[in-house]
Structures are given as C-alpha cells and as structure tokens.
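These figures come from a predicted structure and were not determined experimentally.
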Amino acid sequence: MKVLAIDDQKLVLIPLETRLKALGYEVQTETSALAGISAFNTFQPDLVIVDINMPITTGIDVVKHIREEKKSDTPIMVLSGNTSDDMIEKAFDLGANDYMKKPLSLSEVCSRTKRLIGVPEQKSVRKQYKDVLIQQRCVGVVIPCYNEEDRLLSKEFLNFIEKHSGYHLCFVNDGSKDKTLEVLHKIQKGREDFITVYDCEKNGGKAEAVRLGMLHMAKKSDLDYIGFLDADLSTDLTDFDDLVSTIENSDYKIVSGSRISRMGADITKESARKIISLTINFIIRKILKMDFKDTQCGAKIFHKDVIGISFNEKFVTQWIFDVEIFKRITHHYGLERAREILCEQPLKRWIHADGSKLSMKDSIKIVGQLGQIAWTYRSKNKSSQIKVNGNQVEIKDNKYPTKIVS
C-alpha cells in the first residue's frame, strides 16, 4: 500500500514517513505541491496526505488536480494548520476525505490512514515516534557549547526532539578544549535531519557562537522561528516550547524568557548573584528605555524576518549581547514599534546550574560593557541623523543611500 505525503516542511514529513513505513506502508514524500502533483502521476499512491499552506502552489491545487484533472477517487487526507471554516469546507467540497488540524497526534494520523486504506501485512514495529505531535510550525534552536563534555544533558535533548516534531537543534561548538565536539557528533549520529553540529575552531565567546549559529539556521527554508537556549538547560525545554507557542499565536517578533519569581514557578538563584542582577537590570532598563525585568535569560525565540537585523553584525560585547539585540531592534524599528514586537514571558522553571562560567567578578565587568553599548548605539543614532535647512531629520535605516531633493 502506497502513501504520498506532501508538506513544505521536511521536519513534519520525517516522523510521519518513518512511522508509516514501520507500519508496512510504502511512502514517498515531497516538499512542494508541484512535486507532489508530479509524484501522484508516477507513484500512483493509495492515499495522499497533503498540507494546505504551501508557497506558490497550494494543497488545494493538489486536491483539484487529483479530483478534477485526473478524475481519481484516491483517498485524500489533509493535515493543516489552516483552521478556517471556509478552507475546511472548500477542501471537503473538492473531494477531500479527511481534514485534520495541526498540531495533532502522529498516532491519530496513522489510525486514520488505516481506516481510509486498510492495514498492510503486519511486521514487527518499533515504538519509534510514540506520542509525537505533528506541529504546524518548524523551529530551529541554537545551543552554544564551550567545554560541555561533562555536563551536556544529551538525554534530555534527545527525548525532547523524539516527542516534538518540527524541532531542529543546532549545537555550536565554540572552540572547546575538551571532548565536547566528540560528544556532539555522537548525539547527532543517525539524527542528522534533526540535529546540526556547527564547529567553530577558535573560541569566540557565547555572543559570537550564538550569532553564527542563528545565521546558519536562518539559511534553512523550512524553519518559521529560530531561537537560542543554554546548553545546561537552566531553562526547561518545555518552557522553551511555551515561548514558541506565544510567538506562533501572536504578532510578536521576539519572545524572551524571564526569570521573574512568581507563585507556582521554580526559580532559584544564589542570593549575591541576585543582588548583582538587580543592579545590572536597573542600568539595562535605563539604556533600553523599556521596562524589561530580565534581558539576560538564555532562552529567546525570534521570528525569522528579524534574524538579520538582530545578528548580521558582530556584537560589541561578549556577554550582554541580549541587550544589544533589543537595542538593534529599537534602532531599526523605533522605540514605540519595538515595544509592540518584543515580549517578555515568565518561565515556570529556571535554575542556576552548577558549573556556570560567569563569576561575580565577571558580573561587575558587565557594568562597563553596558556603558560601551550605550555609547556605541548613541553614536549610531547620531550618525543616522542629518540636517536639512537647519532642522534635524532622522533617517531610520541608514544602510541605504538616501537622496533629499530641496
């Protein structure tokens, strides 16, 4: 029995293909509607599983091709994040047999496949991708790593991507002097579709490791959102998924985790570290002119269209690059618009992990780095202003030449 699955996001197709093949189906996948239409004509499937929202040619065009052009009664199952009543009605009117809304259980997809076309001859089935949800969005996560050989929580990362389809992890080895790179390659082996290892030969610091990883992941066309997370998992992966849900269901461009203590949350810090953090945060709020409670949490998710603005240029500072990101957004969009597209979301859990490399002495140096940021972006603001007839005029994006006609 043949199944043709069509979705423009490869991360959605991989677990679906693996599970259906394990059940005994012959499966072909395509990542565009046009390729899917061509495959239908040659592969002659017994079932077509198709997404609706694809660029240029959509899943609706696939349904039309099968029903109107080919006059075929091949069963069609739609899997889509498009929950519009009009779209669902249109799909059924054109001849779709089933319409399932993402996110949804992979087990349910398999059960409905069996109902539509029956069950192949059973063979031993590994319980791979059990309890997996097929998501409607795909997310890249950058994890900077420096000498993490002994404390990299490999099992937690692997368990997460096995249960959450649509995630691609990018571990950035920041010139580690121990066996971190070797550990990362072991984690990646056999999971290359879900895990990337980006190796920096020289240690450039966390800011540069995150920046290079984010730009690398931005090249992947099937990712909707890209974020970064600390390797020690001081922010829980489930909490990170909550940040993704927030950006997915809103107009925010950046959602930043916050270690604000609140009832029901498990937030722990060393007391001295907490005092230093409060002092630094006061200075940061003055620099950003925003009421951010916590800019330095190592868990943030970005809409793909602000990656270039946030990461194209090298950061001025090594540790306070989070502040620079928000400053760049403010510089690009203006303060009022920046306030609309930035969101701070409290975490349910955050724990200061043993072995963190930022010392109290380093924390004091941060104050100097904040001064450096304030001075740098003050200079940028000045350079983006010109005088016309004696009046100061602001040019919001000075990357492009501007001609003023008097």
Residue pair [X] / [Y]: nearest heavy atoms and the distance that separates them:
| X | Y | result |
| --- | --- | --- |
| Val63 | Ala91 | CG1-O, 4.5 Å |
| Pro144 | Ala231 | O-CB, 3.6 Å |
| Leu212 | Cys200 | CD1-SG, 3.9 Å |
| Gly213 | Val172 | CA-CG2, 3.8 Å |
| Met217 | Val142 | CG-CG2, 3.9 Å |
| Ala96 | Val78 | CB-CG2, 4.1 Å |

Taking the side chain as every heavy atom from C-beta outward, state whether [X] and [Y] have any pair of such atoms under 4.5 Å apart.
| X | Y | answer |
| --- | --- | --- |
| Leu184 | Gln188 | no |
| Met77 | Val109 | yes |
| Tyr25 | Ile117 | yes |
| Leu347 | Asp236 | no |

Relative to the ring of [Y], is the ring of [X] parallel (under 30°), tilted (30 to 60°) or perpendicular (over 60°)?
| X | Y | value |
| --- | --- | --- |
| Tyr167 | His164 | perpendicular |
| Phe228 | Phe321 | tilted |
| His303 | Tyr225 | perpendicular |

Taking ring-ring contact (aromatic ring centres under 6.0 Å, His included) as the definition, give me every residue that meets it alongside Tyr252, ordered by chain and number, with sequence neighbours left out.
none
Are any side-chain N or O atoms of [X] and backbone N or O atoms of [Y], one a donor and one an acceptor, separated by less than 3.5 Å?
| X | Y | result |
| --- | --- | --- |
| Thr180 | Glu148 | yes |
| Arg328 | Ile309 | no |
| Glu344 | Ser258 | no |
| Ser176 | Asp178 | no |

Quick one: side-chain contact (heavy atoms from CB on, under 4.5 Å) partners of [X], sequence neighbours excluded?
| X | value |
| --- | --- |
| Gln9 | Asp7, Val12, Cys138, Asp222, Asp224 |
| Leu215 | Arg211, Ile307, Phe311, Asn312 |
| Gln345 | Asp242, Leu243, Thr246, Val255 |
| Ser38 | none |

Suppose we screen for side chain to side chain donor-acceptor pair (under 3.5 Å). Which residues come up paired with [X], at least two apart in sequence or across chains?
| X | result |
| --- | --- |
| Gln28 | Glu30 |
| Lys177 | Tyr146 |
| Asp199 | Asn173 |
| Asp93 | none |

Nearest 0.5 Å, what's the [atom1]-[atom2] distance between [X] and [Y]?
| X | Y | atom1 | atom2 | answer |
| --- | --- | --- | --- | --- |
| Ile254 | Ile247 | CD1 | CD1 | 7.5 Å |
| Ile66 | Ile37 | CD1 | CD1 | 8.0 Å |
| Leu153 | Asn159 | CG | CG | 11.0 Å |
| Ile161 | Glu156 | CD1 | CD | 12.5 Å |
| Phe171 | Ile187 | CZ | CD1 | 5.0 Å |
| Lys21 | Thr29 | NZ | OG1 | 7.5 Å |

Taking salt bridge (Lys or Arg N to Asp or Glu O under 4.0 Å) as the cut-off, I'd like each qualifying pair that reaches into residues 61-82, sequence neighbours left out, listed once.
none
Show every salt bridge (Lys or Arg N to Asp or Glu O under 4.0 Å) that has at least one partner inside residues 185-197, sequence neighbours left out.
Lys10-Asp193, Glu182-Lys186
Carefully, step by step, assess Tyr99 and Met87 under the rule side chain to side chain contact (heavy atoms under 4.5 Å, CB included).
CA-CA 10 Å; Tyr99 197 113; Met87 182 57 71; 3.7 Å; yes
State whether the number of non-hydrogen atoms from other residues, nucleotides or ligands found under 6.0 Å of Asp251 atom CG is greater than 12.
no
Return a table of donor-acceptor pairs under 3.5 angstrom between the side chains of residues 44-57 and protein atoms on other chains or two or more places apart.
from: Asp46; atom 1: OD2; to: Lys2; atom 2: N; distance (Å): 2.7
from: Asn53; atom 1: OD1; to: Asn82; atom 2: ND2; distance (Å): 3.4

Test applied, salt bridge (Lys or Arg N to Asp or Glu O under 4.0 Å); reference residue, Lys300; option that passes from Asp322, Asp230, Asp239:
Asp322
Would Leu23 and Val119 count as a side chain to side chain contact (heavy atoms under 4.5 Å, CB included) if you check the C-alpha gap in whole Å, the side-chain angles of each, and the deciding distance to 0.1 Å?
CA-CA 8 Å; Leu23 291 170; Val119 184; over 6 Å; no
Hey, is Lys206 close enough to Asp174 for a salt bridge, meaning N to O under 4.0 Å?
no
Check whether the side chains of Asp232 and Ser234 place a donor and an acceptor atom closer than 3.5 Å, and report yes or no.
yes
If you apply the rule side chain to side chain contact (heavy atoms under 4.5 Å, CB included), what do you find for Phe157 with Leu237, and how did you get there?
CA-CA 8 Å; Phe157 283 113; Leu237 283 161; 4.2 Å; yes
Output, in order, the C-alpha distance, side-chain angles, deciding distance and verdict of side chain to side chain contact (heavy atoms under 4.5 Å, CB included) for Leu11 and Leu223.
CA-CA 9 Å; Leu11 290 175; Leu223 297 179; 3.9 Å; yes
